[in-house]
Protein chains: 2
Amino acid sequence: MPIKPLLNYIDKFVTLTEKEQDSVSSKVVYRKYLKGQYIVQQGDVCKYQCYIVSGCTRTFYVDENGQEHIIMFAIEDWWTSDVGSYITQTPADYNVQCIENTEMIQISYDIREVLFKEIPKLERFFRMIIEKGFVASQKRIVRNFSLSAKERYIIFKESYPKIEQRIPQYMLASYLGITKEFLSKIKSQLILEK
Amino acid sequence: MPIKPLLNYIDKFVTLTEKEQDSVSSKVVYRKYLKGQYIVQQGDVCKYQCYIVSGCTRTFYVDENGQEHIIMFAIEDWWTSDVGSYITQTPADYNVQCIENTEMIQISYDIREVLFKEIPKLERFFRMIIEKGFVASQKRIVRNFSLSAKERYIIFKESYPKIEQRIPQYMLASYLGITKEFLSKIKSQLILEK
DNA sequence: AAATCATAGTAATCTAGTTTAACATTTATT
DNA sequence: AATAAATGTTAAACTAGATTACTATGATTT
């Protein structure tokens, strides 16, 4: 069954009985998206918290000048959502778009509440994964302040070696908070330095 | 009893029985710090998640060049901690220091685990507050990328009108990710514009 | 195979924000 | 009240990164 990867993931944090696993499996939704499709669009309410089985998504924000700013990428074994919109069920600030054909397991807000009542251990699970997300987010703030664009690029490559090859360079530039031209310059500098 | 503000805060998210409230009160620790004292220091394990009853703290990171970068401020009715260190009980990346005399209610990691076992509803409570923190943290990343320093300063004033008067300007500059000299320039520009 | 579109590279010019350094003001200490 | 310490201001020179604009390449479509 295509829900297995999620159950394995949960099992790293809390232990569910077989019955509980079955209940989770029966309530979450497995779904495939094509490259280019949107999971959430700025202005819509974000319906799901999504565990990615395969593929890649980007979360981005379009500002008043029409400029895109990529907040995060997510690949297999990661989660994605517009958490702010999801937890308050209000219009999303961000877009989540598939940049590869992507398989994911989706948990709607209401279903998650049902699951929380039925399996209180899942409160613990979701607490633990959001804590991890919070820590990663704070680290990113620090890096953006204390490191140069070149250093941030190098750290990105080290931290997520799998992602760089899968995304266009202009998206990586946006994630790093620089223009595509400047990333291009950094890359040619790094080649010369060797 | 000095634990009441925390109980009021929790009550906004989950409802505890009187017995449960008593249990929380008996396990958490009320404590006063003087201006300048540290709650956590970079390299030590962060022992507590702290609810601030009164006062003000700053969380900052000292980089390899000895430069301080302020990640967040916290005032009464907020939480502070080095969450990464706290949840993994490994050395902290950040310092948390009181910048006013501060009263807080502290929950140690072990005590929190005991409370989770005894009162599973608290998993829900902590999940909810960390979700809020995560959302705020992501918003800050977006703002840092899409807004100029002047715009960030204006938004800070609007968002946290109480904080600016309580902290030295060089700390606000650090929080905004700019030098104190440049913040000074921004302020004089804003005065001229009126 | 031509044509279009999305992606990437290069280089000149420009600007937001940094650095350095000198000076001013406020707050704390004796 | 005098001195020192911490905080804030101003301005000139500098730099990381943006902007603009043109060229190159590969992928996709017709």
Side-chain angles (χ1 to χ4, degrees), chain A residues 34-37 56 58 60 62-70 73 97-101 141 143-157 163-194, chain B residues 34-37 56 58 60 63-70 73 97-101 141-157 163-194:
Chain A
L34 295 175
K35 181 176 174 172
Q37 287 190 303
C56 184
R58 64 171 180 147
F60 66 102
V62 181
D63 70 20
E64 307 76 46
N65 312 315
Q67 270 226 296
E68 289 183 3
H69 303 274
I70 295 184
F73 297 106
Q97 186 188 28
C98 298
I99 54 182
E100 292 177 3
N101 293 344
I141 291 175
R143 280 200 296 259
N144 289 344
F145 278 148
S146 57
L147 303 179
S148 68
K150 193 193 244 175
E151 291 168 317
R152 276 179 272 145
Y153 170 60
I154 292 168
I155 286 182
F156 177 85
K157 286 177 63 142
I163 296 185
E164 191 181 9
Q165 312 118 32
R166 294 167 67 171
I167 58 177
Q169 223 177 101
Y170 70 87
M171 286 191 190
L172 175 52
S174 171
Y175 175 85
L176 293 172
I178 58 178
T179 57
K180 57 194 187 344
E181 291 84 356
F182 193 57
L183 177 54
S184 192
K185 200 171 171 180
I186 288 171
K187 288 183 82 169
S188 59
Q189 274 175 20
L190 286 172
I191 289 165
L192 287 175
E193 281 171 21
K194 277 181 203 162
Chain B
L34 296 175
K35 180 175 174 171
Q37 287 190 303
C56 185
R58 64 169 179 148
F60 66 103
D63 70 20
E64 307 76 46
N65 312 316
Q67 269 226 296
E68 289 183 3
H69 302 275
I70 295 185
F73 297 106
Q97 185 188 28
C98 297
I99 54 182
E100 292 177 1
N101 293 344
I141 291 175
V142 172
R143 279 200 297 259
N144 289 343
F145 278 148
S146 56
L147 302 178
S148 68
K150 192 193 244 176
E151 291 169 317
R152 276 179 272 146
Y153 170 61
I154 292 168
I155 286 182
F156 177 87
K157 287 177 62 139
I163 296 184
E164 191 180 8
Q165 312 118 32
R166 294 166 68 171
I167 58 176
Q169 224 177 99
Y170 70 87
M171 287 192 190
L172 176 51
S174 171
Y175 175 85
L176 293 172
I178 57 178
T179 58
K180 57 193 187 341
E181 290 85 355
F182 192 56
L183 177 54
S184 192
K185 199 171 173 181
I186 288 172
K187 288 182 83 168
S188 60
Q189 273 174 21
L190 286 171
I191 289 164
L192 287 176
E193 281 170 22
K194 274 179 205 162

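By convention in this document, chain letters (A, B, ...) are assigned in the order of the sequence lines, proteins followed by strands, and residues within each chain are numbered from 1.
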For A:I154, check side chain to side chain contact (heavy atoms under 4.5 Å, CB included) against everything at least two apart and list the hits. A:K150, A:E158, A:L190
Checking side-chain contact (heavy atoms from CB on, under 4.5 Å) for the pair A:H69/A:F60: CA distance, chi angles, key distance, verdict? CA-CA 5 Å; A:H69 303 274; A:F60 66 102; 6.0 Å; no
Rounded distance in Å - CZ (B:F145) to P (D:dG17): 11 Å
Roughly, in whole Å, what's the span from CG in A:L172 to P in C:dT7? 14 Å
Contact state string [nucleotides 25-30 of chain D, B base, S sugar-phosphate only, - no protein heavy atom under 4.0 Å]: ------
Between D:dG8 atom P and B:L176 atom CG, what is the distance in whole Å? 13 Å
Could you state the CG-C1' distance from A:L183 to D:dA16, rounded to the nearest angstrom? 14 Å
NZ/NE/NH1/NH2 to OD/OE distance under 4.0 Å, A:E68 and A:R58: yes
State which residues pass side-chain hydrogen bond (donor to acceptor under 3.5 Å, both in side chains) with B:E64; sequence neighbours excluded, sorted by chain then number. B:Y61
So, taking the atom named CG in A:N144 and the one named CZ in A:R152, what distance separates them when rounded to the nearest 0.5 Å? 5.0 Å
Below 3.5 Å, can you tabulate the donor-acceptor pairs from side chains in residues 175-183 of chain A to any protein atom, sequence neighbours excluded?
from   : atom 1 : to     : atom 2 : distance (Å)
A:Y175 : OH     : A:R140 : NE     : 3.4
A:T179 : OG1    : A:F182 : N      : 3.2

Measure from CD on A:Q189 to C1' on C:dG9 and round the result to the nearest Å. 14 Å
Quick one: pull up CD1 in B:I186 and CD in B:E151 and give me the separation to the nearest 0.5 Å. 10.0 Å
Bend of the helix from C:dA1-D:dT30 to C:dT30-D:dA1 from end-axis comparison, five pairs per end, nearest 10°, comes to 40°
Please give, in whole Å, the distance from D:dA18 P to A:Y170 OH? 18 Å
A correct 5'-to-3' footprint of nucleotides 11-21 of chain C, with B, S and - meaning base, sugar-phosphate only and no protein heavy atom under 4.0 Å, is ------BBBBB
A:E164 side, atom CD; A:Q169 side, atom CD - distance, nearest 0.5 Å: 7.0 Å
Could you state the CG-P distance from A:L192 to C:dT10, rounded to the nearest angstrom? 9 Å
Would you check if the side chain of B:N65 reaches a backbone N or O of B:Q67 as a donor-acceptor pair within less than 3.5 Å? no
In Å and rounded to the nearest 0.5 Å, what is the CD1 to CD1 distance from A:I163 to A:I99? 8.5 Å
Respond yes when some side-chain nitrogen or oxygen of A:Q169 is under 4.0 Å from OP1 or OP2 of C:dG9, and no when none is. yes
Between P on C:dT7 and CD on A:E68, what's the gap in Å once rounded to a whole number? 10 Å
Please determine whether a side-chain nitrogen of the Lys or Arg among B:K35 and B:E100 lies less than 4.0 Å from a carboxylate oxygen of the Asp or Glu. no
